[in-house]
Novice: 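One structure is given below, represented as structure tokens, and several questions about it will come after.
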Amino acid sequence: MSTLADQLAASIQGLVAAAIARGDLAGTAPESIVLERPKNRDHGDYATSIALQLAKAAGKNPREVATLLQAEIASLAGVSAVDIAGPGFINITLDRANQAELVRTILDGGDTYGHGDSLKGVAINLEFISANPTGPLHLGHTRWAAVGDALGRVLKAAGAKVTQEFYINDRGRQMDLFGQSVQATALGKPIPEDGYQGDYIKDLAKIVVAENPGIKSSEEFREAAYKVQLTQQQSVLSTFHTTFDVWFSERSLHESGAVEHGMEKLREQGHVFEQDGAVWLRTTDFGDDKDRVLIKENGELTYFASDTAYYINKRERGNDICIYMLGADHHGYIHRLRAVAACAGDNPDYNIHVLIGQLVKIMEGGEEVKLSKRAGTIITLEELVEKVGVDAARYTLIRYPVDTPMVMDIDILRSNTNENPVYYVQYAHARIAAVLRNVSELGIPTGLDNFDASQLTHDRENELLGTLAEFPRVVAQAAELREPHRVARYLEELAGVYHGFYADCRVLPLGDEAPASIHSARANLCAATMQVIANGLSLLGVSAPERM
RNA sequence: GCGCCUGUAGCUCAGUCGGAUAGAGCACCUGCCUUCUAAGCAGGUUGUCGCUGGUUCGAUUCCAGCCAGGCGCGCCA
């Protein structure tokens, strides 16, 4: 879908190229032209600084360059005025009725408005959370549960084929300790050193014993508790509206021979060597600060060996790009994972992308809730949802970039005021739904057959249309930068613009006033806005209520 | 010591192909509901964009160095 702004930018690009071909300008034409929405409304609907960029090569001052292009831009379809301002900005004002045709585009597009094809044909593997199945999901996992799922939705909207994947760390010492801990608890014995504590272990022990009478060995306990705990994680994530296409077991990686296969591939690429009785991967060739052990001196495989094989496995399953979402305590993995990609013969700048999420702090009652496993003050995903609900939790976690540490204030999230941005956005949606209910009750004709774009010339209408037009761009950028928070911020802006429109532009007829085409036009504009808010919230996995 | 992230209003934070007077919410004042959801709108107050240099028509944005804070640097998983 190409937006009005895209078409305009392409046309201007053509004009610039033509001017250069004619010899009016010197230099080379830019590949594309950026049209931005000026913050100041006096600067038109769109602005470009192209004249300032061209000036130097052209050997003219920027205002001259702008003047040269002015008349031609003004003659483009849909443009009503072109002004030159400041050092040489070209400010473009669009024809309002023409702009209002966007309502048709949105309503025709329905829930696909905003979708694009910038990542069309790209297969992306998106791995997030990947917790050990040895306990409930906690706050750190929760940030990824929200952001990861939202990112997946955004990438799909940009046309990518996305596999959302959860890597189950079901192998190794932690699992054994887990089994021993549950066993000890069930049998009333002391929990082993470094074992798992907490009430949930007691609960697991009870369930496991009830379901498996006569269970004895720690291996049996491990397997039974693993099953219960994994099911619990899956069920909690499902209520959180976070879905996975693949639950990938680390064990299966070993059982299927994928680890040997991965190792073989790395050997072929020539980055594997032996030293001190161990087998290493020379990751320092590609920016890691030290080489990494694949097979220990005692013959055991390292966790890193699994990671490496897993990456190769993902790529061989047809994924072009592997995105990893890791906690801040894993940021040391960035270099080594990129090096793994490079060792496998891939381009680390394209085939792999590691996102690091900073920590989440919780405030409640004006104080920081200290999180400690030992003290049992871990906040789980389940508890957070109980406190604030799915929508508020998801929305708040998503609206910040992941590389900033964030603070969640439970008290604010519980409040139904506009301190709580999720309500601000949802309220706009519910408000429109209410207006449209009234529209339908009053028998005001809606539908695009009754839509007259030339009615929508009010400043507020124009501002709303301009904001609606930005949505596809926001989605594409969020996908490109892997930053779903941009969608949330956009929705807050859109909600604000709608509320302003609502305050100044009456949709329903007043008193005895007969329904006229302005009412139909505004009703359709409302419907278009509601559609965009719904589409945006859907990208975040947050509900769009019709009543509040 | 090395590496990753952060430093923008009193508070919580936005701000990427470098652009015009740096934004939003909260907080604090002032207005607006006998007809659309006031969970709303309009207006006012608030800044050495951590510091110092560099690149250039122009830097909160890019580069270098420094300061401050968070986190991490196992043949652990």
Side-chain angles (χ1 to χ4, degrees), chain A residues 30-32 34 36 38-40 42-43 47-49 52-53 55-56 61-62 85-89 91 132 134 169 171-177 250 275-280 288-290 292-298 300-304 306 327-335 354 356-359 363 399-409 412 415-421 423-424 426-428 430-439 441-442 477 480-481 483 485-486 488-489 492-493 495-496 498-511 522-523 526 547-548:
Chain A
E31 284 180 27
S32 66
V34 177
E36 54 183 38
K39 289 169 239 165
N40 187 334
D42 295 337
H43 296 155
T48 176
S49 59
L52 290 108
Q53 292 160 37
K56 193 166 191 182
N61 87 44
F89 291 100
N91 295 333
N132 295 338
T134 56
N169 294 120
R171 188 175 170 277
R173 181 174 302 168
Q174 291 305 314
M175 285 302 286
D176 293 337
L177 264 175
E250 185 188 353
Q275 188 181 311
D276 305 331
V279 177
W280 300 68
D288 199 2
D289 52 350
K290 58 188 76 164
R292 306 288 168 179
V293 173
L294 290 165
I295 305 175
K296 299 186 227 173
E297 196 176 355
N298 64 12
E300 285 176 25
L301 291 163
T302 61
Y303 192 82
F304 177 69
S306 297
D329 51 342
H330 287 76
H331 66 243
Y333 282 49
I334 297 175
H335 286 151
V354 183
I356 296 297
Q358 296 297 318
L359 302 178
M363 302 284 289
R399 81 185 280 267
Y400 300 101
V402 292
D403 49 14
T404 33
M406 66 165 292
V407 179
M408 287 185 94
D409 190 321
I412 286 179
S415 70
N416 295 1
T417 71
N418 54 351
E419 280 180 86
N420 196 349
Y423 284 106
Y424 184 77
Q426 289 183 319
Y427 180 71
R431 191 178 224 187
I432 298 172
V435 171
L436 292 180
R437 281 195 295 271
N438 297 334
V439 161
E441 230 169 76
L442 291 174
Q477 197 179 27
E480 180 61 32
L481 301 172
E483 292 183 339
H485 79 272
R486 288 170 183 277
R489 298 290 171 163
E492 290 166 32
E493 185 195 341
Y498 179 79
H499 288 314
F501 157 80
Y502 178 90
D504 286 354
C505 296
R506 172 114 196 152
V507 178
L508 301 179
L510 253 175
R522 284 182 173 166
C526 285
R547 295 172 197 273
M548 285 174 77

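Keep in mind it's a predicted model, so treat the numbers as computed, not measured. In what follows, chains are A, B, ... by sequence order, proteins preceding strands, each numbered from 1.
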Novice: Of all residues at least two apart in sequence or in a different chain, which pass the ring-ring contact (aromatic ring centres under 6.0 Å, His included) check with A/Tyr333?
Specialist: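 A/Tyr333 satisfies ring-ring contact (aromatic ring centres under 6.0 Å, His included) with A/His330 once adjacent residues are dropped.
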
Novice: Listing time: all N or O pairs from protein to nucleotides 73-77 of chain B that are below 3.5 Å?
Specialist:
unit_1: B/rC73; atom_1: O2'; unit_2: A/Lys290; atom_2: NZ; d: 3.4
unit_1: B/rC75; atom_1: O2; unit_2: A/Glu297; atom_2: N; d: 2.9
unit_1: B/rC75; atom_1: N4; unit_2: A/Asp276; atom_2: O; d: 3.2
unit_1: B/rC76; atom_1: OP2; unit_2: A/Lys296; atom_2: NZ; d: 3.3
unit_1: B/rA77; atom_1: OP1; unit_2: A/Lys296; atom_2: NZ; d: 2.9
unit_1: B/rA77; atom_1: O3'; unit_2: A/Arg171; atom_2: O; d: 3.1
unit_1: B/rA77; atom_1: N6; unit_2: A/Tyr333; atom_2: OH; d: 2.2
unit_1: B/rA77; atom_1: N1; unit_2: A/Tyr333; atom_2: OH; d: 2.7

Novice: What interatomic distance, in whole Å, is found between C1' of B/rC67 and the corresponding atom of B/rG74?
Specialist: 32 Å

Novice: Starting at atom CD1 of A/Ile334, determine the distance to atom C1' of B/rC2, rounded to an integer number of angstrom.
Specialist: 14 Å

Novice: What is the distance, rounded to the nearest whole Å, between atom OH of A/Tyr498 and atom C1' of B/rA42?
Specialist: 17 Å

Novice: Provide the distance between the two P atoms, one in B/rC62 and one in B/rU16, to the nearest whole Å.
Specialist: 9 Å

Novice: Rounded at 0.5 Å granularity, tell me how far OG1 in A/Thr404 sits from CG in A/Leu359.
Specialist: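 Nearest 0.5 Å value for the OG1-CG distance: 11.5 Å.
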
Novice: Calculate, to the nearest 0.5 Å, the distance between atoms CZ and OH belonging to A/Arg173 and A/Tyr303 respectively.
Specialist: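 Between atom CZ of A/Arg173 and atom OH of A/Tyr303 there are 14.0 Å.
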
Novice: In this structure, how many angstroms lie between the P atom of B/rA39 and the CD atom of A/Gln426, rounded?
Specialist: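 A/Gln426 atom CD is separated from B/rA39 atom P by 15 Å.
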
Novice: Return the set of residues passing ring-ring contact (aromatic ring centres under 6.0 Å, His included) with A/Tyr427 (not counting sequence neighbours), or none when no residue passes.
Specialist: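 ring-ring contact (aromatic ring centres under 6.0 Å, His included) check on A/Tyr427 returns A/His499.
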
Novice: By the 4.0 Å heavy-atom rule, please label A/Ala85 as base, sugar-phosphate, or nothing.
Specialist: base

Novice: Between P on B/rG72 and CG on A/Asp288, what's the gap in Å once rounded to a whole number?
Specialist: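 Nearest whole value for this atom pair: 18 Å.
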
Novice: Roughly how far apart, to the nearest Å, are B/rU60 and B/rA14 at atom C1'?
Specialist: 12 Å

Novice: Choose from B/rC71, B/rG40, B/rU6 the nucleotide whose nearest atom is closest to any side-chain atom of A/Thr404.
Specialist: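 When the side chain of A/Thr404 is considered, B/rU6 is the closest of B/rC71, B/rG40, B/rU6.
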
Novice: Just jot down the side chain to side chain donor-acceptor pair (under 3.5 Å) partners of A/Glu250, sequence neighbours excluded, or say none.
Specialist: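 Only A/Ser306 meet the side chain to side chain donor-acceptor pair (under 3.5 Å) criterion with A/Glu250.
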
Novice: Assign A/His43 to base, sugar-phosphate, or nothing according to its heavy-atom contacts below 4.0 angstrom with the strands shown.
Specialist: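 Base, at least one base atom sits under 4.0 Å.
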
Novice: Is A/Arg486 close to A/Leu481 at the side-chain level, that is, under 4.5 Å between some pair of heavy atoms?
Specialist: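 Yes; the side chains approach each other to less than 4.5 Å.
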
Novice: Please answer whether the main-chain N or O of A/Leu294 pairs with a side-chain N or O of A/Thr302 as donor and acceptor at a distance below 3.5 Å.
Specialist: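 Yes; at least one donor-acceptor contact below 3.5 Å.
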
Novice: Would you classify A/Ser49 as touching base, sugar-phosphate or nothing, given that sugar-phosphate means primed atoms plus P, OP1 and OP2, and contacts are heavy atoms under 4.0 Å?
Specialist: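 Since a base atom lies under 4.0 Å of A/Ser49, the category is base.
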
Novice: May I ask you to say what A/Glu483 touches in the nucleic acid, namely base, sugar-phosphate or nothing, with a heavy-atom cut-off under 4.0 Å?
Specialist: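 Touches a base.
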
Novice: Can you sort out the partners of A/Arg431 under salt bridge (Lys or Arg N to Asp or Glu O under 4.0 Å), two or more places apart, ordered by chain and number?
Specialist: none

Novice: Could you measure between the two P atoms, the one in B/rU12 and the one in B/rG7, and give it in whole Å?
Specialist: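 Straight-line distance between the two P atoms is 13 Å.
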
Novice: Once side chain to side chain donor-acceptor pair (under 3.5 Å) is applied, do any residues pair with A/Thr48, and if so which ones, sequence neighbours excluded?
Specialist: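 For A/Thr48 there are no side chain to side chain donor-acceptor pair (under 3.5 Å) partners, ignoring immediate neighbours.
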
Novice: Whole Å only: how far is the NE2 atom of A/His499 from the P atom of B/rA42?
Specialist: 10 Å

Novice: Both distances under 3.5 Å, Watson-Crick or G-U wobble: on that basis, could you give the dot-bracket string for RNA chain B, with [ ] for crossing pairs and | for other-strand partners?
Specialist: (((((((..((((.....[...)))).(((((.......))))).....(((((..]....))))))))))))....

Novice: Answer with base, sugar-phosphate or nothing: what part of the nucleic acid does A/Asp176 contact at a heavy-atom distance below 4.0 Å?
Specialist: nothing

Novice: How many whole angstroms separate atom NE2 of A/His485 from atom P of B/rA14?
Specialist: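 Rounding to the nearest Å, NE2 of A/His485 and P of B/rA14 are 7 Å apart.
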
Novice: Roughly how many Å apart are B/rA9 and B/rC73, using the C1' atom of each and rounding to a whole number?
Specialist: 37 Å

Novice: Which whole number of Å gives the distance between the C1' atom of B/rU46 and that of B/rG25?
Specialist: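 After rounding to an integer number of Å, I get 14 Å for this pair.
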
Novice: Expressed as a whole number of angstroms, how long is the span from A/Ile356:CD1 to B/rC5:C1'?
Specialist: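 Those two atoms, CD1 and C1', are 9 Å apart.
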
Novice: Just jot down the salt bridge (Lys or Arg N to Asp or Glu O under 4.0 Å) partners of A/Arg292, sequence neighbours excluded, or say none.
Specialist: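 Per chain and number, A/Arg292 pairs via salt bridge (Lys or Arg N to Asp or Glu O under 4.0 Å) with A/Asp288, A/Asp289.
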
Novice: If the P atom of B/rC13 is compared with that of B/rU6, how far apart are they to the nearest Å?
Specialist: 13 Å

Novice: I need a per-nucleotide contact map over nucleotides 28-37 of chain B, read 5' to 3'. Cutoff is protein heavy atoms under 4.0 Å; write B for the base, S for backbone only, - otherwise.
Specialist: -------BBB

Novice: Measuring only between side-chain heavy atoms, which start at C-beta, is A/Tyr498 closer than 4.5 Å to A/Glu493?
Specialist: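 No, too far: nothing below the 4.5 Å cut-off.
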
Novice: By nearest heavy atom, map A/Pro62 and A/Thr48 onto RNA chain B; which one lands nearer the 5' end?
Specialist: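 With A/Pro62 and A/Thr48 compared, the 5'-side residue is A/Thr48.
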
Novice: How long is the line joining CG of A/Asp409 and P of B/rA27, in whole Å?
Specialist: 13 Å

Novice: What residues form a ring-ring contact (aromatic ring centres under 6.0 Å, His included) with A/Tyr502, not counting sequence neighbours?
Specialist: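 A/Tyr502 satisfies ring-ring contact (aromatic ring centres under 6.0 Å, His included) with no other residue.
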
Novice: Rounding to an integer number of angstrom, what distance separates B/rC2 and B/rG15 when you compare their P atoms?
Specialist: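 Pairwise P distance, B/rC2 against B/rG15, rounds to 30 Å.
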
Novice: Syn or anti for B/rC33, with syn set at within 90° of 0?
Specialist: syn

Novice: Under the side chain to side chain donor-acceptor pair (under 3.5 Å) test, which residues partner A/Asp176, sequence neighbours left out?
Specialist: A/Arg222

Novice: Verify the contact: side-chain N or O of A/Tyr424 to OP1 or OP2 of B/rC41, cut-off strictly under 4.0 Å; return yes or no.
Specialist: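 Yes, such a contact exists.
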
Novice: Look at the side chain of A/Arg489 and decide which nucleotide, out of B/rC4, B/rC13, B/rU16, has an atom nearest to it.
Specialist: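 The answer is B/rC13.
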
Novice: Restricting to side chain to side chain donor-acceptor pair (under 3.5 Å), what partner residues turn up for A/Lys296, sequence neighbours left out?
Specialist: A/Glu300

